[in-house]
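Working notes, beginning with the structure itself.
Note on naming: letters A, B, ... go to the chains in the order of the sequence lines (proteins, then strands), and numbering restarts at 1 for each one.
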Amino acid sequence: MLLSKLISKTQKEVPAEADTISHRLMIRTGMIRQLSAGVYSYLPLAHRCLKKIENIIRDEMDKAGGQEVTMPVLQPRELWDKSGRGEAFGKILFDVTDRKERRLVLGPTHEEVITDLISFFVKSYRDLPVMPYQIQTKFRDEPRPRGGLIRVREFTMKDLYSFDTDEEGLNRSYDKMRQAYQNIYRRAGLPVIMIEADSGAIGGKDSSEFMAIVECGEDVIIHCEKCGYAANAEKAKSIKTKQPYQVALPVEEVATPGKKSIEEVAAYLNTPSSQTLKAVFYVADGELVFVAIRGDIEVNEVKLKNALKATDLRLALTDEVKNAGIVAGSASPIGLKEVKVIADESVTMGSNFIAGANKPDYHLKNVNYPRDFTATMITDIALAQAGESCIKCDAELKSIRGIEVGHIFKLGTFLAEKMGAFYTDTEGKSHPIVMGCYGIGAGRLLASIIEASHDEKGIIWPLSVAPYEVYLCPLFLEDDRVAKASQDLYKKLCDAGIEVLYDDRNESPGFKFNDADLLGLPLRITISPRTLERDSVELKWRSEKKTEIVPLEEIVDKVKNIVLPAKNSP
RNA sequence: CGGGGUGUAGCGCAGUCGGCUAGCGCGCAGCGUUUGGGACGCUGAGGCCGGAGGUUCGAGUCCUCUCACCCCGACCA
C-alpha cells in the first residue's frame, strides 16, 4: 500500500475529549473517526487490524468445534418478552418500530435468536452438542459511551453459544472455550487474567471474565498475589477485618447533635468507623429496602441486587426515605417494622456498635446483633476492598484496574425452558438443552492491545494484528537510486507475501520516522543514499532501539523468515 | 438520570464591556530553497461563529429555548 494513497492522515493534535491512550493514538493515526456518541467509522488501518483479530478468533472458534452462522440484527421485541430478558436489559435495548407499528430491537446479543433457531434444528440428544457462533455488529444503548473504542454503542462482537445435554457437557464446552480464549489473547499479544465475575443481565451461574490489565480499565479486580484468587470487585468475596470481642453492654442513648454521616459520628464519639453500623436505603423493584452494614464497609450493589433477586435497584430518594418514617442520618434497624431489612454479615462481626437512634441528633451505643435488632436477611453484600484477607489463603488482597475483553457464561437451562428448546433423550424423555454463551468484542480487544502496547512515540503493534507488517521508508526519494531501489524492494516484498506500507511521500526523514513510530508497524526498512553506498538497507524493530544493516540481496529473505512463520503458525 | 464543561475553517485554539473585510497555529494547494528524528520563505483556498427565536440601527458577542459532544457519578454482557 502506498502511504500517499491511504485514506488516513496522521495528526499531531487530538481533540480535547480524547483522554485514553488508545483513543488518542487511534485518532492520531487516523484509524477511527467518530460519527456520534459511541459510534465510529473504521478506516483502513483499523479495519485491517479488526479483520486480523476476527480471523484469529474465527480460527480458534473453528478449532474448538464452533460453526459460524449469521443471525439477524433486527429482532422482534416478542422474542425478548418471551425470554423475560427485555426487562433486565431495559434501556440498553435499541428500540425500532416498523411501518406496521411492530416493535423490533437491534440485537445487543443473540441468546434469544440462537435458542429459537436451535430449538428448530435440534430435537434429539444425537444432535448435541453444538456450538454455533457469529462475528457481527451488536447494538447497545449504553448510558455513557467512553474511552474511544472501550465502550461504544455499536460494535463487532464474536458470540458463541454452546448447547449440551447436561451439566457435564456444559462443563466440557466451557473448558474448551476457556482454552480457546486463552489462545486468542496469546496470539493477539495481549496479556490477560481470568477472574470470577457476576453474570449480570445475561443471567446464569458461573461466569468468568478475561481482563486486560491497563490503566484506563473500568473494572476493579480484587486479587490475591499469594494463591492467585482473582474476581471482579462486584463479585469478589473477602474476609472482613476482625473486630475485638467485647462483652455485650447495655444499650445507651448518646446525643450526637448535627452528626449524620458515619465519619462525623465516629469522629464525634472518637471511635473507629468499624465500630459503627451504617444504614443505606435502596428501592428494589419499587419496594424500599433498608440495608445495614458495618460502618467501614461499602455496599456492593450487584451482590445486593442478586440477594434480593431484584431486576431494578437504585438508591432511594430523600422523600421515599422520609415517607417511610426513617430519620436519615440517625437511622438504624432497631425497632424498625414493616420495612425489609437486609444486613451484611459484617453486622454479626463485632459487638457494642454505634447505631442510629431513629430520632434526630441521637445515636445508640452498645448495639448488638441479634439482641437488639434482627434482619429479614443476613448475607454477604459487602464490597471487597484491598487490604482485606483472601477467602482462600488469608493473605492480603490487592486491587487493580482492568478492561473486560471477554466474558464467558454457564447459562444452564433457564433460557431453553423459556424459549422452548428441548431435546429427547435415549429413553424418549424431553429435557431442556443446557446452554453456555461466550462473548468477545473485537474493537475493545483492539483498543486494549494499544493500551497494553505503546510508548511515548506511538503504537507498538504485535506482528499478528498489525495493519501492515513492514514500514518501507525511503529517504531522499528524489534520488533516482533510492526511488528505484525502494520501488524494487516494495514489489519483491509484496510478491513474497509481506504486507508493506510504502512511504512514498516526499517528506523529511524526521517526519517519516516519527510517522513510522506513531503507526507502530513491527518492522521498519529504511533505504537512503547512505545505505545504498553499501548496497544495503537498514532494518529496525519498532519495539527495539537498535538498527541493523542488511544487504539488499538478503533483505527479502530475512523479512520473510521473520514474518511468514509468525503469520502462518498460531 | 444527577453534577460539571465545551460547541468559531479538516484539527487545536483566540476573539464575548455589542461595532468595521472574524483571527492565530497545524493541516491543505502552488512555487522555490531544504531535509538521517515532526525544516523554511512567499502566494493561496477554506467559516450559515451548533440550531431556532428574541432584544437592537447593528449579534460570534446580550436574553430565552433547543440540539450535539465530553468529563465525574449513577448505570453497564
Self-check item: Whether A:Tyr438 and A:Tyr174 hold their rings parallel, tilted or perpendicular, with breakpoints at 30° and 60°
Solution: tilted

Quiz item: For the side chain of A:Lys9, counting heavy atoms from C-beta on, which of B:G37, B:G27, B:C75 is nearest?
Solution: B:G27

Exercise. Could you tell me whether A:Glu478 contacts a base, only the sugar-phosphate backbone, or nothing, with contacts defined as non-hydrogen atoms closer than 4.0 Å?
Key: base

Quiz prompt | Distance between P atoms of B:U43 and B:G50 (Å, rounded) | solution = 30 Å

Self-check item: Minimum-distance nucleotide to A:Arg144 side chain [options: B:G36, B:G27, B:A74]
Solution: B:A74

Quiz item: So, does the side chain of A:Ser528 form a donor-acceptor pair with the base of B:G36 at under 3.5 Å?
Solution: yes

Self-check item: Between A:Phe281 and A:Phe290, ring centroids under 6.0 Å
Solution: yes

Quiz prompt | Of A:Lys540 and A:His23, the one whose closest RNA chain B nucleotide lies more 5' | solution = A:Lys540

Quiz item: For RNA chain B, whose closest nucleotide is more 5', that of A:Lys12 or that of A:Leu35?
Solution: A:Lys12

Quiz item: Taking the side chain of A:Gln11 as heavy atoms from C-beta outward, which of B:G36, B:C11, B:G38 is closest to it?
Solution: B:C11

Self-check item: Minimum-distance nucleotide to A:Pro509 side chain [options: B:G36, B:G38, B:C76]
Solution: B:G36

Practice problem: Describe the nucleic acid contact of A:Thr531 in one word from base, sugar-phosphate, nothing, applying a heavy-atom distance below 4.0 Å. | Solution: base

Self-check item: A:Arg530/A:Asp479 ion pair, N-O < 4.0 Å
Solution: no

Exercise. Kindly assign one of parallel, tilted or perpendicular to the pair A:Phe409 and A:His407, based on the angle between their ring planes and the thresholds 30° and 60°.
Key: parallel

Exercise. Check every strand shown and say whether A:Ser36 touches a base, only sugar-phosphate, or nothing at a heavy-atom separation below 4.0 Å.
Key: sugar-phosphate

Quiz prompt | Which nucleotide in B:C76, B:G36, B:G38 has an atom nearest any side-chain atom of A:Arg151 | solution = B:C76

Practice problem: Can you figure out which of B:C76, B:G37, B:G38 approaches the side chain of A:Lys457 most closely? | Solution: B:G37

Practice problem: Starting from P on B:G37, measure out to CG on A:Asp455 and report it in whole angstrom. | Solution: 18 Å

Self-check item: Donor + acceptor pair across side chains of A:Asp159, A:Gln134 (<3.5 Å)
Solution: yes

Quiz item: Touch check for A:Asp159, heavy atoms < 4.0 angstrom, all strands: base, sugar-phosphate only, or nothing?
Solution: nothing

Quiz item: What interatomic distance, in whole Å, is found between P of B:G3 and the corresponding atom of B:A74?
Solution: 16 Å

Practice problem: Would you please say whether a donor-acceptor pair under 3.5 Å links the side chains of A:Trp80 and A:Gln75? | Solution: yes

Practice problem: Give the rounded distance in Å between these two atoms: CZ of A:Arg146 and C1' of B:G5. | Solution: 17 Å

Exercise. Report which part of the nucleic acid A:Arg524 touches: base, sugar-phosphate, or nothing (heavy-atom distance under 4.0 Å, all strands).
Key: base

Quiz item: For atom P, what is the distance between B:A29 and B:A45, given to the nearest Å?
Solution: 15 Å

Practice problem: Give A:Arg28 one of three labels, base, sugar-phosphate or nothing, depending on what nucleic acid heavy atoms sit under 4.0 Å from its own. | Solution: base

Practice problem: Would you mind reading off the distance between A:Met26 atom CE and B:C11 atom P, rounded to a whole angstrom? | Solution: 19 Å

Quiz item: Which base sits across from B:C57 as a Watson-Crick or G-U pair, both distances under 3.5 Å?
Solution: B:G19

Practice problem: Select one nucleotide: of B:C28, B:A39, B:C70, the one nearest the side-chain heavy atoms of A:Ala37. | Solution: B:C70

Practice problem: Answer with base, sugar-phosphate or nothing: what part of the nucleic acid does A:Glu538 contact at a heavy-atom distance below 4.0 Å? | Solution: base

